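In what follows, chains carry the letters A, B, and so on, assigned in the order in which the sequence lines appear, proteins first and then strands, with residues in each chain numbered from 1. Bear in mind the structure is a predicted one, so any value in this text is a computation, not a measurement.
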Amino acid sequence: DAGVIQSPRHEVTEMGQEVTLRCKPISGHNSLFWYRQTMMRGLELLIYFNNNVPIDDSGMPEDRFSAKMPNASFSTLKIQPSEPRDSAVYFCASSFGVLGTEAFFGQGTRLTVV
Amino acid sequence: SQQGEEDPQALSIQEGENATMNCSYKTSINNLQWYRQNSGRGLVHLILIRSNEREKHSGRLRVTLDTSKKSSSLLITASRAADTASYFCATGLRDDKIIFGKGTRLHILP
């Protein structure tokens with residue numbers, strides 16, 4: 001398996017634009033996590049899905065953020081409209097989330113909003 | 001919100017020495033995990049210890065868990081230059097959520 005695949009690796013966009021980050025989890029994994037990493041706040045859990053269903057989105061900073069998982073092999077995190085304070089590295093991770101197992105991370109998307 | 005908190009925030013040691021990092025957390029957990037992150041890369045899972053376990057070993061890694069104190073430690077023995085990275089503890093909660101601390105930056109000096 002190629003691991004968790006995220007795209008794009010880098011994204012530079014202007015304030016106000018819509019940004020869509022993509023993630024392909026490891027085949028067979030049933031939990032998917034979106035995290036945001038910044039120097040100030042560390043690694044924050046934004047939302048996680050179990051069996052394609054959003055379980056907890058309490059970490060989503062505001063209504064500008066939305067996430068979907070239309071099937072077991074694909075998820076998106078959308079920011080609309082984007083703001084400079086959204087600049088961060090966004091990680092997607094997946095796990096076989098039964099009774100707690102480790103998460104496998106993608107390489108991340110470095111987002112810069114100017 | 002952060003669940004785990006690592007201590008120290010940064011650690012520099014000589015190659016060959018042992019490195020110890022600590023983690024404290026707040027709520028009941030299903031398991032506790034340690035991850036490593038090299039600069040500019042994703043996190044890599046190192047070891048998982050379940051709430052009913054007290055100690056676990058994997059190669060040069062030794063993890064302890066004290067659920068009464070809500071704390072864990074990661075020991076890296078005979079450190080190498082390649083161990084330079086950030087290390088994160090993460091709590092696996094009963095609803096399968098995984099929450100990370102802010103990490104310890106470990107620097108191995110040659």
Side-chain angles (χ1 to χ4, degrees), chain A residues 2-7 9-10 21 23-26 29-61 88-110 112, chain B residues 1-7 9-10 21 23-53 56 58 61 63 65 67 72 74 85-105:
Chain A
V4 176
I5 299 173
Q6 290 186 246
S7 65
R9 289 292 309 276
H10 301 274
L21 311 181
C23 175
K24 182 181 187 309
I26 292 174
H29 282 188
N30 64 346
S31 287
L32 183 140
F33 306 84
W34 281 101
Y35 292 91
R36 176 173 69 177
Q37 187 176 36
T38 60
M39 287 294 292
M40 291 297 294
R41 301 170 73 91
L43 207 66
E44 302 172 275
L45 176 63
L46 301 178
I47 185 171
Y48 82 104
F49 297 82
N50 189 265
N51 293 321
N52 312 338
V53 176
I55 303 299
D56 187 338
D57 65 354
S58 59
M60 297 284 262
V89 181
Y90 291 81
F91 287 103
C92 174
S94 70
S95 74
F96 184 60
V98 177
L99 298 181
T101 57
E102 64 268 31
F104 293 80
F105 278 73
Q107 291 298 306
T109 295
R110 181 174 295 278
T112 303
Chain B
S1 61
Q2 238 71 35
Q3 155 79 313
E5 194 166 316
E6 290 89 341
D7 169 57
Q9 291 188 336
M21 288 159 273
C23 170
S24 59
Y25 58 92
K26 298 173 184 172
T27 64
S28 295
I29 62 172
N30 187 41
N31 60 71
L32 190 135
Q33 307 174 30
W34 286 90
Y35 291 76
R36 183 186 70 216
Q37 184 181 34
N38 290 89
S39 181
R41 308 295 295 273
L43 280 77
V44 175
H45 179 261
L46 295 176
I47 195 166
L48 180 152
I49 186 166
R50 301 202 181 279
S51 59
N52 61 353
E53 297 176 309
K56 203 161 184 179
S58 177
L61 305 180
V63 169
L65 179 63
T67 53
S72 173
L74 170 68
S86 291
Y87 291 81
F88 295 85
C89 73
T91 47
L93 306 183
R94 299 192 190 284
D95 57 357
D96 293 331
K97 198 185 314 191
I98 302 175
I99 304 294
F100 285 80
K102 289 194 172 183
T104 293
R105 294 187 309 280

### Message
Within the 4.5 Å heavy-atom criterion, are Y48(A) and K97(B) side-chain neighbours or not?
### Response
yes
### Query
Is there a side-chain contact between L43(B) and L43(A), using heavy atoms and a 4.5 Å cut-off?
yes
With rounding to the nearest 0.5 Å, note down the distance linking [atom1] in [X] to [atom2] in [Y].
X: Q37(A); Y: F100(B); atom1: CD; atom2: CZ; value: 9.5 Å
X: F91(A); Y: R41(B); atom1: CZ; atom2: CZ; value: 10.0 Å
X: T101(A); Y: L48(B); atom1: OG1; atom2: CG; value: 7.5 Å

Given a strict heavy-atom distance threshold of 4.5 Å, which part of [X] is in contact with chain B: side chain, backbone, both, or neither?
X: Y35(A); result: side chain
X: M40(A); result: backbone
X: Q6(A); result: neither

### side chain to side chain donor-acceptor pair (under 3.5 Å) against N38(B), all qualifying residues, sequence neighbours excluded
R36(B)
### Query
Counting heavy-atom pairs under 4.5 Å to chain B, which of G106(A), A103(A), G108(A) comes out on top?
A103(A)
### Message
Just checking F88(B) against F105(A), ring centres under 6.0 Å apart?
### Response
no
### Message
Just to verify, what does Q9(B) make a side-chain contact (heavy atoms from CB on, under 4.5 Å) with, not counting sequence neighbours?
### Response
none
